[in-house]
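Written below as structure tokens is the structure these notes are about.
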Amino acid sequence: MKKHILEKKAFVYDLPKTDPDMTGYEFDDEKGYWVNKNSKKPSIEDPQFAAPRTKKADIETGEDKKGE
Amino acid sequence: MDFTTDYICLELQRRNANYLRVNRDKFRDYKVVFDIGRLTLYITINNKEYIIDNRNLKSIFYRAPIYLHDTYKPNLSVEKQLYRSQWTAFLRNLVLFENAKWLNNPVDTFRAENKMLQLKYAEKSGMKCPHTLLLNSVDNIRLDSEKEYIIKSLDTVLLRQGNKEAFVYSTVITGKELMKSEFAVAPVIIQEYLYPKIDLRVTVVGEKVFAVKIVKEGSDIAGDWRKEKENVDFIEIDLPVDINKKCVEIVKKLGLAFGGVDLVLNNGIYYFIEVNPTGEWAWLVNKPGLRIDRAICDYLQGIT
């Protein structure tokens, strides 16, 4: 049986790792954002922390997962 | 994990605003009681009680998904299925806070996620749109075998194939290939292919507009730019005033406060492609003119 056009054109890739490695960071419930465990500075302003400040660090499907 | 919301919380904290982040990953650690009669939500986090009541709640920044694409996740445990479906429904029920200002209200997002409705509203707002057909057969339409078209899915396609996952980008395809293709199982969108083109992302927050063009090594990108995402640059641009206005109007007509509008500039004409009601923007905020986080906080705080 012929494949549906969307299946035929789909881009296939290895299953993505769902969560980034957060070793060294913790979620601060009161502040509502992730912080560096040592410096207590926001992870999003930490140069060592990559995801997802750039589109490059985004996973394959990006915003199409609608926050899943 | 939703790091985009970190930007909002950090900005609200710097403004000394009174806010609570309800983190969907942490419900197990929360003690939650929603008193429906009193329209008051009690959440205890680390022994501290937060009270959210209808009279004092000003605004809600809603980032939870509207659709869960669980059909491609066959290995979810029963507990995880329960967690995902029921907490998602719980969050949707926050629409009970009808007096709050929403960015965006999930009921509006649900409606606005319909791409065909978006095209209708875009045309109503005076935007040009590529000729579009939604179909599961090409038998009764006229296609030019030599011409190129765009084929894309009506909703996000995420397929599980063993240890692999599959995603469907917008794809350039010839009329000849379309005529030989299989469609019956699922409807697809066939669209006029606009090329040469420059892809534009226009982020609308209330009345504010942030526009970038997406280029690779300074040039336009054939097909879906996301295939090239490792190598693209986002360059701030000023849109013509009337296009700005139309983008704001489309987002408003869809009942949204926020929308990531995709446009294409083809031979000097701006075409509407789609709106992403839950569009991402965190990768743009490091540019000084693209402080979308601040615009969102302004909106939530009622600062115009």
Side-chain angles (χ1 to χ4, degrees), chain A, chain B residues 1-10 12-13 19-21 23 25-26 29 45-46 48 63-69 113 151 153 156-161 163-169 171 173 178 181-186 188 226-227 229-230 232 234 260 276 278-280 282-283 285-286:
Chain A
M1 206 176 103
K2 261 168 94 176
K3 275 186 182 176
H4 185 272
I5 184 73
L6 293 181
E7 191 184 342
K8 200 174 143 195
K9 294 291 178 189
F11 174 67
V12 181
Y13 50 94
D14 290 330
L15 279 175
K17 217 173 83 175
T18 46
D19 292 325
D21 180 7
M22 294 307 290
T23 311
Y25 298 94
E26 61 189 2
F27 185 75
D28 187 320
D29 288 301
E30 205 146 320
K31 290 177 177 153
Y33 53 79
W34 288 83
V35 295
N36 183 302
K37 269 184 187 169
N38 297 322
S39 66
K40 302 293 174 194
K41 286 189 175 157
S43 64
I44 51 170
E45 294 190 341
D46 186 341
Q48 307 294 318
F49 183 77
R53 296 185 311 164
T54 67
K55 183 68 181 160
K56 289 176 190 174
D58 197 0
I59 55 169
E60 191 55 52
T61 52
E63 61 195 355
D64 288 285
K65 279 200 173 171
K66 316 286 184 199
E68 282 184 71
Chain B
M1 287 178 205
D2 175 28
F3 298 103
T4 301
T5 304
D6 285 28
Y7 287 90
I8 300 303
C9 291
L10 181 59
L12 288 172
Q13 186 202 15
Y19 67 92
L20 171 68
R21 175 170 180 177
N23 187 338
D25 300 327
K26 303 206 66 176
D29 303 332
I45 305 172
N46 296 332
K48 192 170 174 184
R63 285 271 303 174
I66 303 301
Y67 300 103
L68 290 172
H69 296 100
E113 286 282 9
I151 182 164
S153 59
T156 299
V157 172
L158 277 171
L159 306 168
R160 177 66 74 87
Q161 300 174 345
N163 291 327
K164 304 267 182 186
E165 196 171 270
F167 178 71
V168 176
Y169 289 102
T171 305
I173 187 169
L178 277 174
S181 296
E182 173 59 37
F183 294 92
V185 167
V188 298
R226 293 173 298 174
K227 287 182 186 168
K229 69 174 192 249
E230 300 292 325
V232 299
F234 300 96
N276 300 284
T278 52
E280 288 296 345
W283 64 83
V285 296
N286 291 326

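In what follows, chains carry the letters A, B, and so on, assigned in the order in which the sequence lines appear, proteins first and then strands, with residues in each chain numbered from 1.
In this structure, B/Phe3 and A/Trp34 have tilted ring planes: the angle between them lies in the 30° to 60° band. In this pair, B/Tyr169 and A/Phe11 present their aromatic rings tilted. The plane angle is within the 30 to 60° band.
Once rounded to the nearest 0.5 Å, the distance linking OG1 of B/Thr5 with OH of A/Tyr33 reads 14.0 Å. With rounding to the nearest 0.5 angstrom, the OG atom of B/Ser153 is 14.0 Å from the NZ atom of A/Lys9.
With contacts defined as side-chain heavy-atom distances shorter than 4.5 Å, the pair A/Glu45/B/Leu10 qualifies. Taking the side chain as every heavy atom from C-beta outward, B/Glu165 and A/Val12 never approach each other to under 4.5 Å. Side chains of B/Val188 and A/Ile5 form a contact here, defined as non-hydrogen atoms less than 4.5 Å apart. Counting heavy atoms from C-beta outward, A/Tyr13 and B/Lys164 have side chains that stay 4.5 Å or more apart. Within the 4.5 Å cutoff, the side chain of A/Ser43 has heavy atoms near those of the B/Asp6 side chain.
Using a 4.5 Å cut-off between heavy atoms, B/Ile45 touches chain A through its side chain atoms alone. Of the atoms belonging to B/Ile173, it is side-chain heavy atoms, and not backbone ones, that fall under 4.5 Å from chain A. When heavy atoms are compared at a cutoff of 4.5 Å, B/Thr171 approaches chain A solely by way of its side chain, counted from C-beta outward. For chain A, the nearby parts of B/Val185 are the backbone and the side chain; heavy atoms of each come within less than 4.5 Å.
Side chain of A/His4 to backbone of B/Ala186: a donor-acceptor contact under 3.5 angstrom is found.
Comparing A/Glu7, A/Lys2, A/Lys3, A/Lys8 by heavy-atom pairs within less than 4.5 Å of chain B, the highest count is held by A/Lys2. For the set A/Met1, A/Met22, A/Glu30, the count of heavy-atom pairs under 4.5 angstrom toward chain B peaks at A/Glu30.
Scanning all heavy atoms of the two residues, the minimum distance from A/Gly32 to B/Arg21 falls at O-NH1, 2.7 Å.
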